[in-house]
Visitor: 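Supplied in structure tokens, the structure appears directly below.
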Amino acid sequence: MGKFAINFKIFNENMRYPHAEIEAKWQKFWEEKGIHKTDFSKTEKKLYTLVMFIYPSGAKLHCGHWYNYGPTDTWARYRKLKGYNVFEPMGYDAFGLPAENYAIKTGIHPQDSTLKNIEDIRQQLKKMGCMYDWDAELMTCAPEYYKWNQWLFLQLYKKGLAYRKKAPVNWCPNDQTVLANEQVQADGTCERCGTPVIQKNLYQWFFKITDYAEELLDGLDKINWPEKTKLMQRNWIGKSVGAEVTFGVDGSDDEIKVFTTRPDTLFGVTYVVLAPEHPLVDKLTTDEHKKQVEEYRDSIKSLTEIERTSTVKEKTGVPIGAYAVNPVNGEKVPIWIADYALITYGTGCVMAVPGHDERDFEFAKKFNLPIRKVILEPGTKEDDELTEAFTGVGTMINSGEFNGLKSDEGIKKITEWLEEKGYGRKKVNYRLRDWLISRQRYWGTPIPVIHCPECGEVPVDEKDLPVELPYDVDFSLGGESPLARNEKFINVKCPKCGTDAKRDPDTMDTFVDSSWYYFRYLNPHIEEQMFDKERADKWIPVDMYVGGAEHATMHLLYARFIHKFIRDLGLTNSDEPFQTLIHQGTITNQGAKMSKSKGNVVNPDEFTVDYGADVFRLYLMFMGPYEMGGDWSDKGISGTDRFVNKVYDLFKRNENLLNDASPKDKYDVDSLSDDEKFIYKKTNQTLKKVDEELEQFHFNTAIAALMELLNNLKNIDKCSNDFKAYVLTRFAVMTAPLAPHLGEECWQLLGNDTSLFENPLWFDADPAGLVEDAVNIAVQVNGKLRSTVQVPVDSEQEKVKEVVFKDEKVLKHIDGKSIVKEIYVKNKIYNIVVR
RNA sequence: GCCGAAGUGGCGGAAUUGGUAGACGCGCCAGACUCAAAAUCUGGUCUGGGUUACUCCAGGUGCCGGUUCGAGUCCGGCCUUCGGUACCA
């Protein structure tokens with residue numbers, strides 16, 4: 001009996017924070033009261049916070065998701081407490097290849113596995129305790145959603161921005177699907193399965209993103225995105241300004257148009273290169289070169305574009321026997337084909353100037369083609385031999401009437417000359433290519449087009465949307481896609497003429513889904529429009545968008561393009577979708593990205609069960625700067641666990657404090673006891689610090705500041721109850737965005753009968769509480785720290801000097817030396833320079 | 001190769017942007033409580049050296065130089081790691 005009593009007492013005095021119970025309690029409270037539902041009619045201080053939606057794979061939520069969602073929710077909650085009307089939705093990027101691959105392997109239908117995964121993931125997400133408005137939940141595989149992908153397609157089609165062409169595309173023999181260039185890895189393998197990618201010619205649907213290239217470039221100046229990401233998009237768009245120049249062909253009427261950024265080097269052209277696939281090659285190749293050309297073309301057929309254009313690979317090529325005529329001097333130069341000329345960029349033809357282009361130089365050296373110097377490098381002589389291409393600005397030589405001009409000036413002059421004579425014109429080229437959206441797969445949005453033997457391409461009428469994805473299909477791998485093999489789906493009558501026709505068998509890239517989903521969240525079940533335009537005009541753009549940097553040149557570029565198109569349809573009044581963008585860092589494990597195949601995925605459940613969602617979320621935030629990520633280790637989690645328990649104990653000890661205490665809004669510092677004065681300053685300094693750090697996604701330092709404050713509350717029990725209440729209410733509010741369940745619980749423990757997130761509240765620091773009345777000043781001699789002295793804040797130099805020159809340690813170091821200079825920085829340092 | 005970011009204790013990381021390097025946390029060491037352990041609490045913890053005592057001395061932020069009274073922070077040149085990109089004419 002006695003032993004039991006002792007144990008009971010110990011247990012009571014130091015009770016562990018009952019996280020499971022408290023987290024369940026508040027999640028239930030928030031849900032039942034509908035606290036996270038957004039009132040869209042209140043647009044003052046509206047704040048649309050969005051995190052990239054989740055791909056519902058069987059692997060469920062992992063640490064990376066937590067790292068993405070938890071801290072973002074903390075920021076959203078922080079803004080909510082500051083009085084913003086926050087909208088924070090969550091949904092599912094539900095179409096895609098993995099579900100179909102899973103079906104191929106297990107026979108489980110993609111729809112069934114996806115819906116099941118969504119069920120599970122939704123439950124997991126709810127346990128995180130984020131502020132999601134579940135009324136806004138959406139999934140892209142629902143007909144009510146993908147109907148509007150099809151509608152969007154039709155609008156693009158009408159404007160000529162969706163078109164079909166036969167083009168060399170990346171084909172993954174394993175997945176039996178086309179891959180976008182961005183989805184092929186640097187080594188020429190499939191991003192998803194690692195199989196080497198081959199080339200295949202297919203009719204494909206494209207969205208003409210290139211029409212928006214210039215605007216996509218300009219728009220970058222207007223958005224608050226990481227510079228790094230904007231730079232990546234700029235490079236991806238790859239604008240270059242130059243000229244298109246028309247070369248003649250010797251003994252033929254044909255013309256060869258080349259694009260060059262260096263028209264000033266036209267006199268240095270010693271050969272011309274065509275892409276091996278260029279249509280002119282067949283026409284121009286002389287009989288004696290035919291065999292050689294065919295052999296060369298065969299030799300590069302098996303290479304992917306990535307391999308062909310690899311800089312590491314040595315350049316190859318063969319002459320075709322024909323000659324081009326240089327318009328500036330009438331000179332005949334040989335025509336070659338070489339794999340370094342790309343049919344997909346510019347005109348597919350290159351004028352080669354080995355003297356002033358590194359690639360051409362290398363090629364000319366290898367095949368003994370002439371190298372002619374036409375730009376003189378400053379500080380060199382005309383007859384010095386070129387050992388490498390000179391690509392800088394210099395003086396034009398060997399260039400007829402243009403000799404003596406500076407080469408940058410020459411670019412302008414020669415372009416004008418070409419335009420005058422009709423040999424060329426100024427031209428802007430982009431590296432960006434049109435967006436290939438066709439997928440020869442099942443689990444995606446059907447393309448709403450019918451192919452009729454009589455009428456050709458016939459778009460499906462808008463009133464017949466959605467073209468629903470049939471459930472009964474054979475999705476085993478094979479030559480044709482599952483939809484093409486589905487008789488019921490694929491065979492239709494032509495809507496125009498009634499003839500037997502076929503549906504387009506392809507589905508859309510899932511990046512189409514994600515390029516406008518942020519509009520749909522505002523009212524995901526609206527039937528008569530793509531999205532609620534009235535709400536969108538008030539709530540779009542997304543104010544804060546958080547997601548991985550790996551989407552820099554794909555999703556984030558496509559979404560900007562589609563946004564601008566939607567604007568051009570008159571459906572939105574904004575130019576950009578995402579006003580501010582933040583990338584969370586990557587959490588790796590043993591140096592590698594977490595992935596199922598590597599077997600290094602860390603399951604968050606074991607931590608949330610043992611420690612609770614708040615502790616786990618705090619730990620992820622405390623690990624380091626949010627945008628840096630880092631290698632996973634659970635070593636420090638006991639730190640945030642201890643913190644949470646200490647905070648809970650503190651509030652538990654002061655349960656119902658507000659019943660007999662009425663804290664003031666602020667205190668006159670001079671009226672406080674020493675302990676109170678100290679705590680008052682720390683509290684207000686922390687308010688300021690936490691506010692600044694949370695605003696900037698600096699969660700680690702915000703948490704450190706709160707821990708520091710907690711450490712400084714040792715003597716809180718020596719303070720008056722009113723004062724205590726002042727400190728603890730503020731502590732609870734600062735805790736709430738970081739650890740929302742704990743924050744609410746602490747708030748309630750104090751005796752409040754409201755919820756913090758139901759009645760948001762944030763405290764600003766009292767400026768008077770920020771001021772220290774004494775500061776420590778570092779005293780240096782010749783820049784080395786020798787002592788510190790305490791002086792009143794903002795002391796003038798003379799006052800400090802008096803103290804400094806009484807300091808023994810300082811005197812010791814200046815003894816017998818002459819003082820050259822004294823530097824005083826108020827409240828910081830006093831440096832004495834001696835010799 | 002080119003573009004970008006980063007290198008700070010045993011570990012994760014701070015440092016008001018040129019002004020006391022190592023906040024906060026983990027780990028470790030010592031002590032308290034306990035029959036004991038766990039939990040908790042208190043103190044210590046950059047390295048080397050000196051002292052009865054420390055308000056002592058020297059060195060120290062990837063490497064080599066420089067600017068400055070003063071450099072983790074700025075400049076020049078390297079090295080390493082991680083991302084992006086791959087002949088774009």
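Order of the sequence lines sets the chain letters (A, B, ...), proteins ahead of strands, with each chain counted from 1.
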Visitor: Considering only the P atoms, how many Å lie between B:U68 and B:C75, rounded to the nearest integer?
Guide: 16 Å
Visitor: Ring centroids only, cut at 6.0 angstrom: are A:Phe643 and A:Phe622 within range, meaning strictly under it?
Guide: no
Visitor: In terms of ring plane angle, is the pair A:Phe363 and A:Trp336 parallel, tilted or perpendicular, where the classes change at 30° and 60°?
Guide: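 A:Phe363 vs A:Trp336 ring planes: perpendicular.
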Visitor: Considering only the P atoms, how many Å lie between B:C24 and B:G43, rounded to the nearest integer?
Guide: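 B:C24 and B:G43 have their P atoms separated by 12 Å.
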Visitor: Using the C1' atom as the reference point in each nucleotide, state the distance between B:C26 and B:G19 in Å, no decimals.
Guide: 30 Å
Visitor: Got a minute to check which stems RNA chain B is part of, using Watson-Crick or G-U wobble pairs under 3.5 Å, three or more consecutive?
Guide: B:1-7 with B:79-85, B:10-12 with B:24-26, B:27-32 with B:40-45, B:46-49 with B:56-59, B:62-66 with B:74-78
Visitor: Does CD in A:Glu772 sit with more than 12 non-hydrogen atoms of other residues, nucleotides or ligands closer than 6.0 Å?
Guide: yes
Visitor: List every contact pair, protein side and nucleotides 43-50 of chain B side both N or O, where the distance is under 3.5 Å.
Guide:
none

Visitor: Mind checking side chain to side chain donor-acceptor pair (under 3.5 Å) for A:Asn429 and listing every partner two or more places apart, or none if nothing turns up?
Guide: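 Here no residue qualifies.
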Visitor: Distance under 6.0 Å and angle within 45° of the ring axis: does A:Lys239 meet both against A:Tyr430?
Guide: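 Here A:Lys239 fails the 6.0 Å and 45° test against A:Tyr430.
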Visitor: For RNA chain B, which residues of residues 820-835 of chain A approach it to below 4.0 angstrom with any heavy atom?
Guide: A:Lys821, A:Ile823, A:Val825, A:Lys828, A:Ile829, A:Asn831, A:Val833
Visitor: State whether A:Asp649 and A:Arg642 are salt-bridged, where the test is any N-O pair (Lys NZ or Arg NE/NH1/NH2 against Asp/Glu carboxylate O) under 4.0 Å.
Guide: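 So A:Asp649 does not pair with A:Arg642 through a salt bridge.
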Visitor: For B:U16 versus B:G7, give the span between their P atoms, rounded off to a whole number of Å.
Guide: 13 Å
Visitor: Donor-acceptor pair, distance only, cut-off 3.5 Å: does the side chain of A:Arg262 make one with the backbone of A:Ile411?
Guide: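 Not confirmed, A:Arg262 side chain does not pair with A:Ile411 backbone.
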Visitor: Considering non-hydrogen atoms only, spot the tightest contact between A:Ala552 and A:Met232 and give its length.
Guide: CB-SD, 3.8 Å
Visitor: Please give the distance between the P atoms of B:A71 and B:U61 as a whole number of Å.
Guide: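 Taking atom P in both B:A71 and B:U61, they lie 11 Å apart.
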Visitor: Do any side-chain nitrogens or oxygens of A:Ser240 fall under 4.0 Å of OP1 or OP2 in B:A89?
Guide: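 Yes.
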Visitor: OP1 or OP2 of B:C26 sitting under 4.0 Å from any side-chain N/O of A:Thr640?
Guide: no
Visitor: Among B:U20, B:C88, B:C24, which nucleotide sits nearest the side chain of A:Arg433?
Guide: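 Nucleotide nearest to A:Arg433's side chain: B:C88.
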Visitor: Output a table of donor-acceptor pairs, distance under 3.5 Å, between side-chain atoms of residues 698-710 of chain A and any protein atom two or more places apart or on a different chain; print 'none' if there are none.
Guide:
{"residue": "A:His698", "atom": "ND1", "partner": "A:Glu693", "partner atom": "OE1", "Å": "3.2"}
{"residue": "A:Thr701", "atom": "OG1", "partner": "A:Glu693", "partner atom": "OE2", "Å": "3.2"}
{"residue": "A:Thr701", "atom": "OG1", "partner": "A:His698", "partner atom": "O", "Å": "3.2"}

Visitor: Give a yes/no on whether any side-chain N or O of A:Arg642 is located under 4.0 angstrom from OP1 or OP2 of B:U40.
Guide: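 A:Arg642 to B:U40 OP1/OP2: side-chain N or O found under 4.0 Å.
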Visitor: A:Asn224: which residues meet the side chain to side chain donor-acceptor pair (under 3.5 Å) condition with it, sequence neighbours left out?
Guide: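 With sequence neighbours excluded, A:Asn224 shows a side chain to side chain donor-acceptor pair (under 3.5 Å) to A:Thr580, given in chain and number order.
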Visitor: Is the shortest side-chain N/O distance from A:Arg786 to OP1 or OP2 of B:A58 below 4.0 Å?
Guide: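 So the side-chain polar atoms of A:Arg786 do come within 4.0 Å of the phosphate oxygens OP1 or OP2 of B:A58, strictly under.
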Visitor: Quick one, give me the B/S/- string for nucleotides 4-10 of chain B, reading 5' to 3', where B means a protein heavy atom under 4.0 Å from the base and S means that only happens at the primed atoms, P, OP1 or OP2.
Guide: S------
Visitor: Output every pair passing salt bridge (charged side-chain N to carboxylate O under 4.0 Å, His left out) with a member in residues 826-835 of chain A, not counting sequence neighbours, ordered by first then second residue.
Guide: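 Listed once each, the pairs are A:Glu796-A:Lys826.
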Visitor: Strictly below 4.0 Å: does A:Asn700 bring a side-chain N or O up to OP1 or OP2 of B:A14?
Guide: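 Affirmative; the distance criterion is met.
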Visitor: Apply side chain to side chain donor-acceptor pair (under 3.5 Å) to A:Asp794 and list each qualifying residue two or more places apart in sequence or on a separate chain.
Guide: A:Asn827
Visitor: With rounding to whole Å, what would you report as the distance between B:G48 and B:C11 at their P atoms?
Guide: 15 Å
Visitor: So which pairs with a foot in residues 628-641 of chain A pass salt bridge (charged side-chain N to carboxylate O under 4.0 Å, His left out), sequence neighbours left out?
Guide: A:Arg16-A:Asp641
Visitor: Name all residues meeting the salt bridge (Lys or Arg N to Asp or Glu O under 4.0 Å) criterion together with A:Asp807; count only those two or more places apart in sequence or in a different chain, and write none if there are none.
Guide: none
Visitor: Can you pull every protein N or O that's under 3.5 Å from an N or O on nucleotides 59-61 of chain B?
Guide:
{"residue": "B:G59", "atom": "OP2", "partner": "A:Lys784", "partner atom": "NZ", "Å": "3.1"}

